[in-house]
Peer 1: 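I am attaching a structure below and will ask some questions about it afterwards.
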Amino acid sequence: KQPNIFIELINSLHKNNWNYVLGGGTENKAYNDEIYKKAKETEIKFLGFVKYPDSFKLYEKSKIYVNTSRIDSDGLPNAFIQSWLNGVIVLSLNHNPNNWLHQHNIGFCAEGNFKKLSNKLNYLINNPIELEKMSSNAIEFSKNLFSNSNILKKYITLFQQ
């Protein structure tokens, strides 16, 4: 997940009174300690490992989810779906499943370019109107594609055929 890149990203921002949270962790205690120390030197709150049921509370309080995963590590991350269902846009260093981020204006993919990611995040934290528009798009998109009622309707249609 490259939390060191997330920390570097946050350090590159014009903060604008936002809160920054880093979740996750590994079984490698030394690496976790290193990330915790780096985060502590910044304005980032490092949560460590977050249990799946607890993650929903974080998405409900968030505006932007930043994904810094390596290019070879993710397909369609569940975190993207959780984000969109909560109106949280996704900014990703490397991943843009099905080109949805751009196509539906529900986030941004920097295509591996750290500077592009930093610029877009800076832009959005300073442009609440654009952020709100993208958030609305994320809710509409995800409810149409991933909500339980729509999934059930698709199954019923499939079974009726």
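Basis for what follows: all heavy atoms, side chains included, without hydrogens, waters or symmetry-related copies. Computed from a predicted structure; not experimentally measured.
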Peer 1: Taking the side chain as C-beta and beyond, is there a heavy-atom pair between Leu101 and Phe108 under 4.5 Å?
Peer 2: no
Peer 1: Do Asn86 and Gln82 have a side chain donor and acceptor closer than 3.5 Å?
Peer 2: no
Peer 1: Measure the shortest side-chain to side-chain distance between Ile89 and Ile106 over non-hydrogen atoms and say whether it is less than 4.5 angstrom.
Peer 2: no
Peer 1: With side chains defined as the heavy atoms from C-beta onward, is the minimum distance between Leu145 and Trp84 less than 4.5 Å?
Peer 2: no
Peer 1: Between atom CG of Leu93 and atom CD1 of Ile71, what is the distance when rounded to the nearest 0.5 Å?
Peer 2: 8.5 Å
Peer 1: Would Glu8 and Thr68 count as a side chain to side chain contact (heavy atoms under 4.5 Å, CB included) here? Give the steps.
Peer 2: CA-CA 11 Å; Glu8 183 182 345; Thr68 55; over 6 Å; no
Peer 1: Verify the cluster assignment for Ile139 and Phe141: are they in a single hydrophobic cluster under the rule of side-chain heavy atoms below 4.5 Å apart?
Peer 2: no
Peer 1: Find out whether Asn105 and Glu130 are in side-chain contact, i.e. whether some heavy atom of one side chain is under 4.5 Å from a heavy atom of the other.
Peer 2: yes
Peer 1: For Asn119 and Asn122, does a side-chain donor sit closer than 3.5 Å to a side-chain acceptor?
Peer 2: no
Peer 1: Once rounded to the nearest 0.5 Å, what's the spacing between atom CG of Leu121 and atom CG of Leu91?
Peer 2: 5.5 Å
Peer 1: Between Lys29 and Asp33, is there a side-chain N and carboxylate O pair less than 4.0 Å apart?
Peer 2: yes
Peer 1: What residues form a salt bridge (Lys or Arg N to Asp or Glu O under 4.0 Å) with Glu111, not counting sequence neighbours?
Peer 2: none
Peer 1: Atom CD1 of Ile7 and atom CD of Glu41: how far apart are they, to the nearest 0.5 Å?
Peer 2: 9.0 Å
Peer 1: What closest approach, in Å, do Ser12 and Ser118 show between heavy atoms, and which atom pair accounts for it?
Peer 2: OG-OG, 2.8 Å
Peer 1: Is it true that atom NZ of Lys63 has more than 12 heavy atoms of other residues, nucleotides or ligands lying nearer than 6.0 Å?
Peer 2: no
Peer 1: Assigning hydrophobic clusters by single linkage (Ile, Leu, Val, Met, Phe, Trp, Tyr; side-chain heavy-atom cutoff under 4.5 Å), is Phe49 placed with Val21?
Peer 2: no
Peer 1: Quick one: closest heavy-atom pair of Asn94 and Arg70, and the distance?
Peer 2: ND2-C, 3.9 Å
